[in-house]
Protein chains: 2
Amino acid sequence: MSVDNTIFKPVKTQRTFEEVSSTIKALIFDGTLQSGDKLPTETVLAKQFNVGRQTVREALRILELSGFIIVKKGFGGGTIIKDSILNKITDLIRDAFQMEKISVDEFILARVAIEKAILNSAIDNADDQDIKALSDNIDKANDLIAKKKVAIDLHFEFHSLLANASKNSVFVIVEGAINAIHRNLRSRTPPDFKFSKTAAQDHEKILDALIKKEREKAINLLEEHIIKLKGVY
Amino acid sequence: MSVDNTIFKPVKTQRTFEEVSSTIKALIFDGTLQSGDKLPTETVLAKQFNVGRQTVREALRILELSGFIIVKKGFGGGTIIKDSILNKITDLIRDAFQMEKISVDEFILARVAIEKAILNSAIDNADDQDIKALSDNIDKANDLIAKKKVAIDLHFEFHSLLANASKNSVFVIVEGAINAIHRNLRSRTPPDFKFSKTAAQDHEKILDALIKKEREKAINLLEEHIIKLKGVY
DNA sequence: TCACATTTGTCCGTATGTATC
DNA sequence: AGATACATACGGACAAATGTG
């Protein structure tokens, strides 16, 4: 006679350093540890968890790479809770891109689709502050362009501001990823003044349509704007 | 008189384990190390890089969490090159959602928009294999439902299969993230047989419209299908 | 400017756990 | 069932960085 042995789960599947990192992560998730809080030193953590310092260090590496903590050396240094998950996602996406899992064409196709959805939502939810931020962005870009300088960073920011205006965190996160890929692509080609100027004009028209809540027009303008990129790469 | 001190870069910004992981990563990027290749043991790596074993281990942790390698214990184990970057991105995005405490409503709104875009692309790019996979998924779900069992996992898989059918890695990544969050949400509510049955019927209709390339109909069906979720949570 | 304390970074030696043959 | 070849883990030591007095 035997019982179904699947009811017996292994006592220990995870490695010790994974248990440690998961424990700390859980404390961050439930709010016990908050941004700015300082963790005990590695030696103290090792004693508290009753593990070796090496194990603590590997756990900290995981938390660091996952964007939960930053580690500083020296006097007054140590481990501080600080959220940089989005940056870490960006890093990984850059890796994925480097592995050539993502082609330029499929990227642009996906970007058009996703940013259209974001803009659609931004038209419904943008408030005065959002409009001002977008407007300021364009003004700054125009200032630079008047000085014959490119305003690439501001162009990227415009799209992030659109995501913020959608008031949807999911869109903010997804746009962050899209933006990261785009910056990666863009970094391979030299800055192009003429292109920068066109982009600023496009953004101005899109914002104008957004303010007037001309939905169809705004979305079509955005699509054309992004499609233009195909020629750049 | 002083010079622009930005021209003097620090001799050593990176920590040793970061140099090691970057070196190995570069070898993967340039194809020297390929999927399936086995790295030397930690001890040998330490000797080759002329560093300590702990340093190697921390470098391996980074590569592991970044989705470049997998590490197996025991005889015949060791470090093997294997790409799972997309999975790791999904993991991090799940963390990001957890931290930002995204609301059900904004999640569903974003999901509708993004999955509509995915479906739109899937209609253009799905091949026979994709159709078969989707069809098999529905058959299996119907089998379970005929036995009065819920088929939640298969329902999730259906949406992933749609993303695959779009033949766009960006969509696959984004859908993976959306799916992860959805599972997270779903795990908070008990399985509902009636709902599972409805979902299977919806999927069947959507696939039917996809095969017939009835774009408008398919997209509308999908939207209604996802919106139904609002009632569940 | 110079010691000094603190904390991470790194290395070594050793022991244990674990999966395969 | 036992030998084997790995990763995993512990403890101790010193190096390096960094802010303070």
Side-chain angles (χ1 to χ4, degrees), chain A residues 5-6 8-25 33 36-82 84 88, chain B residues 2 5 8-25 28 33 36-82 84:
Chain A
N5 62 11
T6 59
F8 298 119
K9 289 182 183 169
V11 176
K12 186 181 175 183
T13 38
Q14 279 198 332
R15 296 170 286 188
T16 310
F17 63 80
E18 285 173 324
E19 288 182 37
V20 172
S21 69
S22 297
T23 303
I24 296 175
K25 208 195 246 187
L33 292 172
D37 288 353
K38 201 168 165 181
L39 254 54
T41 66
E42 292 176 354
T43 317
V44 174
L45 278 175
K47 278 182 187 166
Q48 290 184 348
F49 280 110
N50 196 29
V51 298
R53 201 182 142 215
Q54 167 165 0
T55 304
V56 168
R57 280 187 62 78
E58 290 185 41
L60 292 181
R61 284 294 82 71
I62 290 180
L63 292 172
E64 190 180 26
L65 204 74
S66 302
F68 288 99
I69 61 170
I70 56 171
V71 179
K72 282 198 298 188
K73 235 195 337 186
F75 187 94
T79 305
I80 296 161
I81 310 290
K82 179 165 166 42
S84 61
K88 300 302 174 181
Chain B
S2 68
N5 62 11
F8 296 119
K9 290 181 184 170
V11 176
K12 186 181 176 184
T13 43
Q14 283 197 330
R15 296 169 285 190
T16 310
F17 63 80
E18 286 174 322
E19 287 183 38
V20 173
S21 68
S22 297
T23 304
I24 295 175
K25 211 194 257 189
I28 296 172
L33 292 172
D37 288 354
K38 199 168 165 181
L39 254 53
T41 66
E42 292 177 355
T43 318
V44 174
L45 278 174
K47 278 182 186 164
Q48 290 184 348
F49 280 109
N50 196 28
V51 298
R53 264 198 11 274
Q54 163 127 10
T55 303
V56 169
R57 281 185 63 75
E58 291 187 38
L60 293 181
R61 285 294 83 70
I62 289 180
L63 293 172
E64 192 180 24
L65 205 71
S66 303
F68 287 99
I69 61 170
I70 55 170
V71 180
K72 283 200 296 188
K73 285 185 286 196
F75 187 94
T79 305
I80 296 160
I81 309 289
K82 179 165 166 44
S84 59

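Below, chain A is the first sequence line, B the second, and so on; all start at residue 1. Worth saying up front: this structure is predicted, and the values here are computed from it rather than measured. Quick note: numbers below take in every heavy atom, side chains included, and nothing from hydrogens, waters or symmetry partners.
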*Asks:* Between Gln48(A) (CD) and dC10(D) (P), how many Å, whole number?
*Replies:* 15 Å

*Asks:* Kindly give the heavy-atom pair with the smallest separation between Val51(A) and Thr16(A), and that separation in Å.
*Replies:*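 What the structure gives for the nearest pair is CG1-CG2, 3.6 Å.
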
*Asks:* For Arg15(B) and dT8(C), give me the distance from atom CZ to atom P, rounded to whole Å.
*Replies:*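 Value for this atom pair: 11 Å.
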
*Asks:* Rounded to the nearest 0.5 Å, how far does NZ of Lys25(B) lie from CD of Glu18(B)?
*Replies:*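 That separation rounds to 10.0 Å.
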
*Asks:* Whole angstrom is fine here: how far is it from CG in Leu39(A) over to C1' in dT7(C)?
*Replies:* 13 Å

*Asks:* Looking at Thr16(B), I'd like to know whether one of its side-chain N or O atoms comes within less than 4.0 Å of OP1 or OP2 on dT10(C).
*Replies:*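 Thr16(B) to dT10(C) OP1/OP2: side-chain N or O found under 4.0 Å.
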
*Asks:* Under 4.0 Å from any atom of DNA chain C, heavy atoms only: list the residues of residues 52-65 of chain B that qualify, in numerical order.
*Replies:*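 Of all residues in residues 52-65 of chain B, the ones placing a heavy atom under 4.0 Å from DNA chain C are Gly52(B), Arg53(B), Gln54(B), Thr55(B).
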
*Asks:* Nearest whole angstrom, please: distance from the C1' of dA9(D) to the CZ of Phe49(A).
*Replies:*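 Phe49(A) atom CZ is separated from dA9(D) atom C1' by 16 Å.
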
*Asks:* If I compare all heavy atoms of Val20(A) with all of Ala59(A), which pair ends up nearest, and what's the gap?
*Replies:*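 Here Val20(A) and Ala59(A) meet closest at CG1-CB, 3.6 Å.
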
*Asks:* How far apart are the closest heavy atoms of Leu63(B) and Ser21(B), and which atoms are they?
*Replies:*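 The answer is CD2-O, 3.6 Å.
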
*Asks:* Heavy-atom nearest nucleotide on DNA chain D for Thr79(B) versus Phe75(B): which residue maps closer to 5'?
*Replies:* Phe75(B)

*Asks:* Atom OG1 of Thr41(B) and atom CD of Gln48(B): how far apart are they, to the nearest 0.5 Å?
*Replies:* 8.5 Å

*Asks:* With a non-hydrogen cut-off below 4.0 angstrom, is Gly78(A) in contact with a base, only sugar-phosphate, or nothing?
*Replies:* sugar-phosphate

*Asks:* Nearest to the side chain of Glu42(A), which nucleotide is it out of dT8(C), dA7(D), dG19(D)?
*Replies:* dT8(C)

*Asks:* So if I take every side-chain heavy atom of Val71(B) and compare against dT8(C), dA9(D), dT8(D), which nucleotide ends up nearest?
*Replies:*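 Of the options given, the side chain of Val71(B) lies nearest dT8(D).
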
*Asks:* Please assess Arg61(B) against Glu58(B) for the test salt bridge (charged side-chain N to carboxylate O under 4.0 Å, His left out), listing each intermediate value before the final yes or no.
*Replies:* CA-CA 5 Å; Arg61(B) 285 294 83 70; Glu58(B) 291 187 38; over 6 Å; no

*Asks:* Lys72(A) NZ to dA17(D) C1': how many Å, rounded?
*Replies:*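 Nearest whole value for this atom pair: 12 Å.
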
*Asks:* Quick one: are Leu60(A) and Leu39(A) in side-chain contact, heavy atoms under 4.5 Å?
*Replies:*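 With C-beta onward as the side chain, the pair touches.
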
*Asks:* Could you give the CD-to-C1' distance, from Glu18(B) to dG9(C), as a whole number of Å?
*Replies:*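 After rounding, the gap between these two atoms is 11 Å.
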
*Asks:* From CG of Asn50(A) over to C1' of dG11(D), roughly how many Å is that when rounded to an integer?
*Replies:*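 It is 13 Å, rounded to the nearest whole Å.
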
*Asks:* State which of dA7(D), dT6(C), dT10(C) makes the closest approach to the side chain of Lys73(B).
*Replies:*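 Closest nucleotide to the Lys73(B) side chain: dA7(D).
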
